[in-house]
Amino acid sequence: MQISNAQYIVDMDDNNTTIVATIDGDEVFVPLSQGNRHYAEIMRQVESGELTIADAD
Amino acid sequence: MAKDKLTDYDSTASNNLDVGGISVAEGMLPSGVNNAIREQMSHLADFAAGTSGVDVLKLQDDTDTNSIKLQAPASVTTTTTFTLPDGDGASGQTMITDGAGTLSWAAPYGNRNLIINGAMQVAQRGTSYSSISSDQYTLDRFIAFHTSVTPTITQESLSVGQTDLPSRFRNYLRFTAGTGATLLGFCTRIEDVSKYYGTYKLSFYAKGTNPAGGSFQQRMIQRFGTGGSSQVITNNGTFTVTSSWQRFEIDVIVPSVSGKTIGAGSYLQLQFTQPDSDAGTSAWTLDITGIQLEVGSTATPFEHRSYGDELLACMRYYQQIGGESANVLCTGQCTSSTLATFFIPFIVPVRDDPTCSVSDQTHFRVFNAAVSGIPDTTNMTIAANVAASCNGFRILATVGSGLSAGNATMLYSDDSDNNAGIIKMDAEL
């Protein structure tokens with residue numbers, strides 16, 4: 001799974017709700033859910049130092 | 001008429017005047033006694049061998065009060081022999097026939113196939129995949145994996161009226177490896193690994209050409225989810241295909257999950273692959289359909305489900321909308337002259353909060369008050385997956401101008417090619 005351009009999206013209360021990222025060439029919106037395979041892979045890559053998630057704008 | 005078999009005998013003793021034509025009437029010759037007994041023994045032997053029968057078999061209860069009776073229909077078209085199973089089945093199993101009179105114990109029919117889309121009939125994402133990323137879903141519920149070479153997957157159709165497979169099959173998956181390699185194949189994933197352990201039977205129909213080593217490998221992988229125990233791999237054996245369809249049956253033993261830590265997103269992976277030990281680069285093709293995994297050690301006929309039922313089952317893991325010309329997707333509300341908000345409910349609740357994406361954003365339109373479409377569509381963007389849940393998600397559609405805050409509106413896809421402007425919701429394992 002090729003992941004890049006990961007960035008948090010926040011809600012009106014400034015809480016992180018979603019990660020927008022490019023996965024295998026597509027822009028996708030990934031929920032912060034342990035059961036979501038994309039989120040699990042993002043966090044695996046973050047922990048291994050392969051990926052960094054940017055703060056929300 | 002001579003009494004030649006048990007069913008000719010009369011329940012009134014005095015009416016039985018002969019045995020197979022040998023008189024046993026009052027005043028019979030003494031020399032006829034032994035002949036009559038021998039004749040009667042031959043009748044019993046015929047009964048024991050199944051040569052002659054009885055109308056009804058009565059099994060009395062212990063007090064001879066009531067009974068169970070087994071009886072053939074009044075008219076039997078073809079003499080049929082049923083051979084019973086060798087011993088009892090497992091709790092909850094039912095008796096089935098192989099169509100040739102041999103009975104066996106098997107899981108009750110109905111929802112016994114643990115594989116979704118085993119007949120390869122659902123292909124929401126498309127029917128042809130040529131540049132496949134590893135771990136990419138293709139036909140619904142089926143994932144390709146590879147490390148160094150790129151295979152293709154297509155949904156193929158069987159010819160109308162074909163007789164190579166049972167009649168209800170219409171599709172199969174074709175996996176084409178232009179170049180062979182280890183760790184090259186495809187799989188499907190069964191939700192919640194904690195539910196599956198013990199003895200299973202895998203069956204499927206396949207044909208094609210084999211990898212360099214001459215066979216394919218079938219294996220199970222137990223993956224215990226985020227934060228769960230390490231995966232467990234079980235190889236269940238190999239199989240060799242020919243150019244003709246064959247049905248394969250493989251015994252599957254899934255190890256116990258006792259003591260394992262189960263995390264979110266766990267699953268049991270069923271995969272077909274070029275064997276680990278086969279690094280040959282020869283091209284190969286595997287055509288496959290009718291994949292069935294069921295509890296127990298008996299392979300039963302493939303459980304066909306309707307397209308509608310199979311589609312709904314697939315939608316627990318993936319749904320998409322759009323991709324058609326002038327296809328109204330949902331209603332919403334304009335929040336300014338350039339922004340509209342929509343909520344899209346899922347057709348069925350999905351497995352987990354899904355990943356959402358939008359392809360070809362310029363293929364969507366937002367109605368203004370005149371219901372004539374937004375004049376400036378080139379600036380329209382859609383931000384998906386705001387507040388996504390298992391039940392639906394919200395879309396923010398931005399346009400150049402022309403909306404009126406507070407007005408109701410509709411979102412529709414406007415794709416003349418019928419393959420763009422798609423909103424995708426992915427809750428796959």
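Predicted model, so just to flag it, every value in this text is computed and none were measured.
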Any donor and acceptor pair, going by atom type alone, linking the side chain of [X] with main-chain N or O of [Y] inside 3.5 Å?
X       : Y       : value
R351(B) : G35(A)  : yes
N36(A)  : D353(B) : yes
T226(B) : Q34(A)  : yes

- Task: Inspect the surroundings of CD in Q2(A) and state if more than 12 heavy atoms from other residues, nucleotides or ligands are less than 6.0 Å away.
- Result: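 No.
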- CG (D57(A)) with more than 12 external heavy atoms under 6.0 Å: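 Atom CG in D57(A) is not crowded, with 12 or fewer foreign heavy atoms closer than 6.0 Å.
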- If you look at every heavy atom in P31(A) and P354(B), which pair is closest and at what distance?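 So the two residues come closest at CD-O, 3.1 Å.
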- Query: Between D26(A) and S357(B), does any side-chain donor sit less than 3.5 Å from a side-chain acceptor?
  - Reply: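 No, no side-chain donor-acceptor contact under 3.5 Å.
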Holding to salt bridge (Lys or Arg N to Asp or Glu O under 4.0 Å), I want the full list of residues that pass it with [X], two or more places apart in sequence or in another chain.
X       : answer
D11(A)  : none
D426(B) : R37(A)
E47(A)  : none

- Sort by residue number and list every member of residues 144-153 of chain B having a non-hydrogen atom under 4.5 Å from chain A.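 The stretch does not come within 4.5 Å of chain A.
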- Between OG1 on residue T355(B) and CD1 on residue I42(A), distance to nearest 0.5 Å: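 It comes to 7.5 Å.
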- Query: Rounded to the nearest 0.5 Å, how far apart are CD of E27(A) and SG of C356(B)?
  - Reply: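 Going from CD on E27(A) over to SG on C356(B), the span is 12.0 Å.
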